[in-house]
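Here is the naming used below: chain letters follow the sequence lines, and residue numbers restart at 1 for every chain. No experiment lies behind these values; they were computed from the predicted model shown. Hydrogens, waters and symmetry mates play no part in the numbers below; they use all other heavy atoms, side chains included.
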2 protein chains.
Amino acid sequence: MTKARVTVIDIAKAAGVSKSTVSLVLQGSSLVNEGTRSKVNAVMRELGYVYNRGAANLRQAGAKSKIVGVVVNDLTNSFFAELAVGVDMVVQSAGFVQFLSNTGESIDRQREVVASMREHGISGLIVSPARATDAADFKPLVAAGIPVVVVVRNLPGAKVSSIVSDNQAGMMSAVKHLAGLGHKRIAFLGGFPDTAVFDDRLAGYRSGVEAAGLDYHEELVIASAPSRAGGVEAIGKAIALGRRPTAAVCFNDAVAFGVCDGLRARRLEPGADFAVVGFDDVIEAQAAVPALTTVSVDPQGIGRRGAQMLLKQINAGKAEAETVTTAVRLVVRESCGAGRAPPSKTGKSVKSKQDAE
Amino acid sequence: MTKARVTVIDIAKAAGVSKSTVSLVLQGSSLVNEGTRSKVNAVMRELGYVYNRGAANLRQAGAKSKIVGVVVNDLTNSFFAELAVGVDMVVQSAGFVQFLSNTGESIDRQREVVASMREHGISGLIVSPARATDAADFKPLVAAGIPVVVVVRNLPGAKVSSIVSDNQAGMMSAVKHLAGLGHKRIAFLGGFPDTAVFDDRLAGYRSGVEAAGLDYHEELVIASAPSRAGGVEAIGKAIALGRRPTAAVCFNDAVAFGVCDGLRARRLEPGADFAVVGFDDVIEAQAAVPALTTVSVDPQGIGRRGAQMLLKQINAGKAEAETVTTAVRLVVRESCGAGRAPPSKTGKSVKSKQDAE
DNA sequence: TGACAGAATTGGAACGTTCCAAATATTTAT
DNA sequence: ATAAATATTTGGAACGTTCCAATTCTGTCA
């Protein structure tokens, strides 16, 4: 039972050199003689040495800890799981590891995990903020020189980088698609009106309506919780309108699924009697019946982009806030009633790489 | 621009005490006078002190780093995302943070991330090993006194704790259910025969068959990749048999979906013309058409259990290997052709807490 | 008042690494 | 052979914390 940890001194002793030399080897310095290097490496392997990043990090005060923090608001949602995978891919191959935490939309939890991560000395943070996060919450981090990248939801007012999908363009293309199919009264359903994402998507809806030469009617915008239940509620109100709409774009896919539920409960078949379009292209969208027409946002791509941006800032040493919006793409399936056509049952289009630039 | 980090010495100076006292306060020692404590705390807040866990951890050699590593083989799969959430819940409330990494079934990647985590000084590891992981791979960890808990897939031969679902009982109940519906020839489809999980599930199948008073026929066991494509392949072979089966239990849900695809391609309707049962109860199972009858395993519960087990071992200081198998439950939906009954369209039963003991 | 116990505080010495300045070994040029 | 240059190696002194043993305060009891 080897009790004590093997340290750089142990291997120095065993290899007949000084600890400084061993340290040089560890850092791959070109100063050290080739013969010495291989000997040291051999001894390290033999003794089963493991590098102590904590100690190293202590010395190179404030320098790179090779840890990035990732906090998401709902890992259960496959959207965020994909995002985390995207982040992991790039940080991993840069030799970093990720602290991953889930806030479940709890702002207290978020504060806790961020504090904890900070104590552990993360060198950067990627966060999809919980709802109602105060923009000032990340102030201390950036003041301490720790780059922060906000993804998915932006944080107006915070001086940090962010990367969000092009909500406006996405919603606009959805509306135009529906208008192209002949719909005149298109509703906007779901979402909390006090969020930036809502504003963006609504703006896109409005531009789409106007671009299609239709009139914008306030009554066709029906907010609700951005969930399945919210969708049921919203479609209920929509149908109760005097002149009822014949189609709807939804705040996100969850709402869209709820809308479908609500339609069926009223003996209307989504896709046939009423067109519905979602937003996000979550994994269930393509398997659902009818398959959901939706705006695909490639969460994994966002994760990768965000991680790249963060690493760039970490390496640069200085974090100048940068804002990127990633392209989205309308994926036409069945729920909009567009094609009787599609013979291939699973529209795999979602997997394409779209985040190149 | 505050350049230098605030240290325990700074706050000692500012509070007019010694660094030792500050340290005592940090650890919540009862030795320190109440007045002093609150003064120190006040100063800490004022100067924006952040605890440096790295330094602390360096001193208390080998002691608790408050980090647990979590490595899963496929975070994209919602099964594992749920599992990670379960782990996060319990480690988070124990004041730990989790390193979460994804191997994507790559054994090299797995080795890398585990090594990296070790350098960072994790105090425990939860792993769902990539396929074909060598049981000896975790030897160094346990030798170094770092507890390891293997989840979902077990690692025969490794002297580590593990927590897997009750594959045998689950498959057995699936078979019995089908037999109860009158099926006489029930196939076992999919899965790689060289894995421990396969063995367990097959054993369950066999006991189920025998318990139902049927004969076990070798020809009804058809292995394949544990994927949708594998399912298509397996059902093809099954249907080509002289006396074809009328029902099948599948290695997992992916296989089951493939089986449904294959049935439809032959103009057979799953649920009506042929009964199929899956395993895992992935999130898509309840939304699919027909809704999949499957064995539910509650990944989040496994995550919580695993984390609890790990924390227990970390606190105990000694890790004695312990093996737990968690209960599973057959969720009857439509694909087995059981009920014409179910009026509630979404069988929410999957959300119940079943991991109490 | 002095001795004594308990409560509260405190100065080093670690922990395992990296950095710096300086020392030593090896070449090269004269 | 010797100086100058270059290549390699090396002892400390940090980094921010915790621990230990020792010290200084309190108050209590004779």
Once you round it to whole Å, what is the distance between P of dG16(C) and NE2 of His120(B)?
18 Å

Can you tell me the distance, in whole Å, between the CZ atom of Arg53(B) and the C1' atom of dC15(C)?
17 Å

Is Thr7(B) near enough to dT17(D) that one of its side-chain N or O atoms lies under 4.0 angstrom from OP1 or OP2?
yes

Counting side-chain heavy atoms from CB outward, which of dT18(D), dT9(C), dT17(C) is closest to Lys19(B)?
dT18(D)

Under 4.0 Å: is that the gap between some side-chain N or O of Ser23(B) and OP1 or OP2 of dT18(D)?
yes

Passing candidate, side chain to side chain contact (heavy atoms under 4.5 Å, CB included) with Tyr49(B), options Val40(B), Val43(B), Val6(B), Asn41(B):
Val6(B)

Considering every strand and a 4.0 Å limit on heavy-atom distances, what is the contact class for Thr21(B): base, sugar-phosphate, or nothing?
base

Considering just the side-chain nitrogens and oxygens of Thr36(A), establish if one lies under 4.0 Å of OP1 or OP2 belonging to dT9(D).
yes

Would you say the base of dT18(C) and the side-chain of Arg59(A) have a donor-acceptor pair closer than 3.5 Å?
yes

Counting distance only, does the side-chain N/O of Ser161(B) pair as donor-acceptor with the main-chain N or O of Thr323(B) below 3.5 Å?
no

With hydrogens left out and only the distance checked, is there a donor-acceptor pair under 3.5 Å joining Ser18(A)'s side chain and the base of dG11(D)?
no

Could you check how far CG of Asn33(B) sits from C1' of dT10(C), rounded to whole Å?
15 Å

Side chain of Asn52(A) only, please: which of dG16(C), dC19(D), dT17(D) is the nearest?
dG16(C)

Proximity to the side chain of Leu31(B) - top-ranked nucleotide from dG12(C), dT17(C), dT9(C):
dT9(C)

Nearest to side-chain heavy atoms of Ala55(A), which nucleotide of dT17(C), dT9(C), dT10(C):
dT17(C)

Under 4.0 Å between a side-chain nitrogen and a carboxylate oxygen: does that hold for Glu322(A) and Lys312(A)?
yes

Ignoring hydrogens and geometry, is there a side-chain-to-backbone donor-acceptor pair from Gln98(A) to Val70(A) under 3.5 Å?
no

Residue-phosphate contact under 4.0 Å: Gln60(A) side-chain N/O, dA14(D) OP1/OP2:
no

Ignoring the backbone of Tyr51(B), work out which of dG16(D), dT17(D), dC19(D) is nearest its side chain.
dT17(D)

Salt-bridge criterion met for Arg37(B) and Glu34(B) (N-O under 4.0 Å):
yes

